[in-house]
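Below you'll find the structure, written out as structure tokens, and then a few comments.
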Amino acid sequence: MGQSKHCRAPGAAKFCWAIAGKGGKGLFVTTAKFSKQAIEYAKHQHIILIDGVKLAKLMIEHNFGVRVKKTFEIKAVDSDLFNDYM
């Protein structure tokens, strides 16, 4: 995958300034990873951070922008059938 990208604190800081007059809460989404500084900064500013991994998990959980590639059947022994023979 090559070099990983990080969303650093300045990006979160700019976002915080943009929402400061609107209640000071926000949601910051990136497909990259957040740096430790950005995570720490967001904790103190009431900003929810969603990185690429969390975004992908949420997309799968809510069936948004994804499709089923393969399904698996899980079988179990029908014990009721065998109880009739005892």
Side-chain angles (χ1 to χ4, degrees):
M1 288 183 61
Q3 197 173 15
S4 65
K5 296 179 182 177
H6 292 282
C7 183
R8 304 203 181 279
K14 287 179 187 176
F15 179 73
C16 182
W17 280 107
I19 64 167
K22 299 171 178 68
K25 296 180 184 177
L27 174 68
F28 194 96
V29 181
T30 181
T31 56
K33 288 173 53 178
F34 289 101
S35 67
K36 289 179 184 177
Q37 296 88 355
I39 293 168
E40 196 58 37
Y41 183 83
K43 281 181 189 176
H44 299 291
Q45 301 300 323
H46 307 290
I47 298 172
I48 297 168
L49 301 178
I50 298 180
D51 65 6
V53 172
K54 189 169 184 178
L55 178 60
K57 287 179 181 180
L58 286 168
M59 290 173 68
I60 291 167
E61 180 183 337
H62 296 280
N63 203 28
F64 178 79
V66 297
R67 61 185 158 98
V68 176
K69 287 185 88 170
K70 195 176 216 179
T71 58
F72 296 92
E73 237 182 312
I74 300 173
K75 297 186 180 191
V77 175
D78 183 0
S79 59
D80 292 338
L81 173 74
F82 294 105
N83 286 337
D84 292 340
Y85 292 103
M86 294 185 167

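Heavy atoms only: backbone and side chains are in, while hydrogens, waters and symmetry mates are out.
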Practice task
Report yes or no: do F64 and V29 belong to one cluster of Ile/Leu/Val/Met/Phe/Trp/Tyr joined by side chain heavy-atom distances under 4.5 Å?
Solution key: yes

As an exercise, state the distance from [atom1] of [X] to [atom2] of [Y], rounded to the nearest 0.5 Å.
X	Y	atom1	atom2	value
I60	L55	CD1	CG	10.0 Å
L27	L49	CG	CG	8.5 Å
I50	K57	CD1	NZ	12.5 Å
F28	I47	CZ	CD1	8.0 Å

